[in-house]
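In what follows, a single structure is set out as structure tokens and then discussed.
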Protein chains: 2
Amino acid sequence: MEDKLFRHINQYISLSEEDFRNIIPFFETKKLGKKEILVQAGTSCSHNHFVLEGCLHMFFVNEKGVERTVQFAIENWWMADFLAFQNKNQTEFSIQAVEESHLLCISYEKQEQLLTQFPQLEKYFRIIYQIGYGAALVKMKFLFDLTKEEIYFHFTENFPDFAQRVPQYLIGSFLGLTPEYVSEIRAKKRS
Amino acid sequence: MEDKLFRHINQYISLSEEDFRNIIPFFETKKLGKKEILVQAGTSCSHNHFVLEGCLHMFFVNEKGVERTVQFAIENWWMADFLAFQNKNQTEFSIQAVEESHLLCISYEKQEQLLTQFPQLEKYFRIIYQIGYGAALVKMKFLFDLTKEEIYFHFTENFPDFAQRVPQYLIGSFLGLTPEYVSEIRAKKRS
DNA sequence: CGTCTCGTTGAGAGTTTTCAATGTAAGTGG
DNA sequence: CCACTTACATTGAAAACTCTCAACGAGACG
């Protein structure tokens, strides 16, 4: 199971199996049931998480009580509030399991130790964050360029598997549409 | 002048002056006049850029011919399409000087060499991207949470200096408001 | 069977954009 | 220094988009 991380790391750098065996003890595994909360907004975001199986989403609740998803993570993704993580602030975001999920978790301190002890991993994380950062800018591009309707269909057409894996209202929440409006444009399209 | 990079790096890792002297030759300096184009959308985004002085913005032009800014960079920021940079794709974004600017530029290949030769810099870039990624998610939060009007005033109140440093329509373009609407809400607020 | 979650529908209201016209300040070449 | 041009900002009216609210429907699950 943990092999998934090994294979993922080896997509970007080359790491020996032996090193990997020494790396594994830095992590704990964790299982989450559907809808279980992993990190609560307002607490310190003390861990980084690698998804072995399942799906997480990171969200906040605005003053009107509406939940807004800013990020999903499925298999082979890392999930944390990296800014809070870096600055050791409290996080403004909660993280919750969308499905039953299986994770590797590492605390901030342990990750620091890990990177000190295995500096070749700096490159791995550098690339992970570089990709995440770049992808966030591309998402921003779509958010600005397209109408909500276009955003929705662009997303569902590009990620059809994912779109039917999670509830429709979460997709809406991720893309900034109300559930009612999602319904409306889907109905409009059908006709 | 290049010292700015040295000081910036030393905010995150510790690097000797001697190492820095060996690092500098990897970069070329470049001066840009106001409105000069640094990277053209559709070309390969072959360089990473560190702003010593001035201000850049990264934008794209949508099918209606409207320019949309996705990112600014002022002193001590790195600017590139990191996703294209990583994947060696063509970039969808152009980069242009907002003011007269002074940069350090490094090609993809040279940056690879640099990181191989000075692996302690992996950590520096890891942190840079981690912060950028985290900040992009926080921006996303505001884009979803607030109305355009709130977004605009939230931004100008939090970055008053920057807000008067660049033209108002660029702030609008960065936050996703038309210039007309920016005018309107500013007038509304004055009254 | 009852409850909870998710999706749908429709009307009305609010927000934001578009388009076209005008104003203004600043820069440039003569 | 003036006239001209360009870049940026403003205004108003109409249209388009998206949300809110309230109610209802359907399926899953205990």
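Computation of the quantities below employed the complete heavy-atom set of this structure, encompassing side-chain atoms and omitting hydrogens, waters and symmetry-equivalent molecules. Convention: sequence-line order gives letters A, B, ...; per-chain numbering from 1.
- Between dC4(C) and K35(A), no contact under 4.0 Å exists linking OP1 or OP2 to a side-chain N or O.
- Looking at the side chain of K148(A), the nearest of the listed nucleotides dG12(D), dT9(C), dT18(D) is dT18(D).
- K4(B) and E75(B) are not joined by a salt bridge, as no carboxylate oxygen comes within less than 4.0 angstrom of a charged side-chain nitrogen.
- When the side-chain nitrogen and oxygen atoms of T178(B) are compared with OP1 and OP2 of dT17(C), one or more of them lie within a distance under 4.0 Å.
- Between F6(A) and F20(A), the ring planes are tilted. Angles from 30° to 60° get that label.
- Taking atom NZ on K64(B) and atom P on dA16(D), their separation rounds to 13 Å, with Å as the unit.
- Residues Q86(A) and Y129(A) bring no donor and acceptor atom of their side chains to less than 3.5 Å of each other.
- Rounded to whole Å, the distance from CD1 on I185(B) to P on dG12(D) is 16 Å.
- T147(A) comes within contact range of the sugar-phosphate backbone alone, with a heavy-atom separation under 4.0 Å but no base atom that close.
- dC17(D) atom C1' lies 12 Å from atom CD1 of I151(A), rounded to whole Å.
- Side-chain N/O atoms of K34(B) include none lying less than 4.0 angstrom from OP1 or OP2 on dA7(D).
- Looking only at atom types and distance, the side chain of N22(A) has no donor-acceptor partner in the side chain of Q117(A) under 3.5 Å away.
- Neither OP1 nor OP2 of dC19(D) sits under 4.0 Å from any side-chain N or O of Y181(A).
- Here dT10(D) presents its P atom at 15 Å from NZ of K188(B), a figure rounded to the nearest Å.
- In this structure, Y169(A) reaches the sugar-phosphate backbone alone: every heavy-atom distance under 4.0 Å involves primed, P, OP1 or OP2 atoms, never a base.
- The side chain of Q168(A) approaches dT8(C) more closely than any other nucleotide in the set dC17(D), dT15(C), dT8(C).
- Here the C1' atom of nucleotide dC19(D) and the OH atom of Y152(A) are 17 Å apart, to the nearest Å.
- At the heavy-atom level, G172(B) lies nowhere under 4.0 Å from the strands shown.
- Rounding to whole angstrom units, CD of residue E180(B) and C1' of dC8(D) are separated by 12 Å.
- Remark: C1' of dC19(D) and CG of D145(B) are 15 Å apart, rounded to the nearest angstrom.
- Between the CD atom of E184(B) and the C1' atom of dC19(C) there is a distance of 14 Å, rounded to whole Å.
- With Y181(B) as the aromatic partner, K148(B) does not meet the cation-pi criteria of under 6.0 angstrom to the ring centre and within 45 degrees of the ring axis.
- The side chain of E149(B) lies closest to dT16(C), out of dT16(C), dG7(C), dT18(D).
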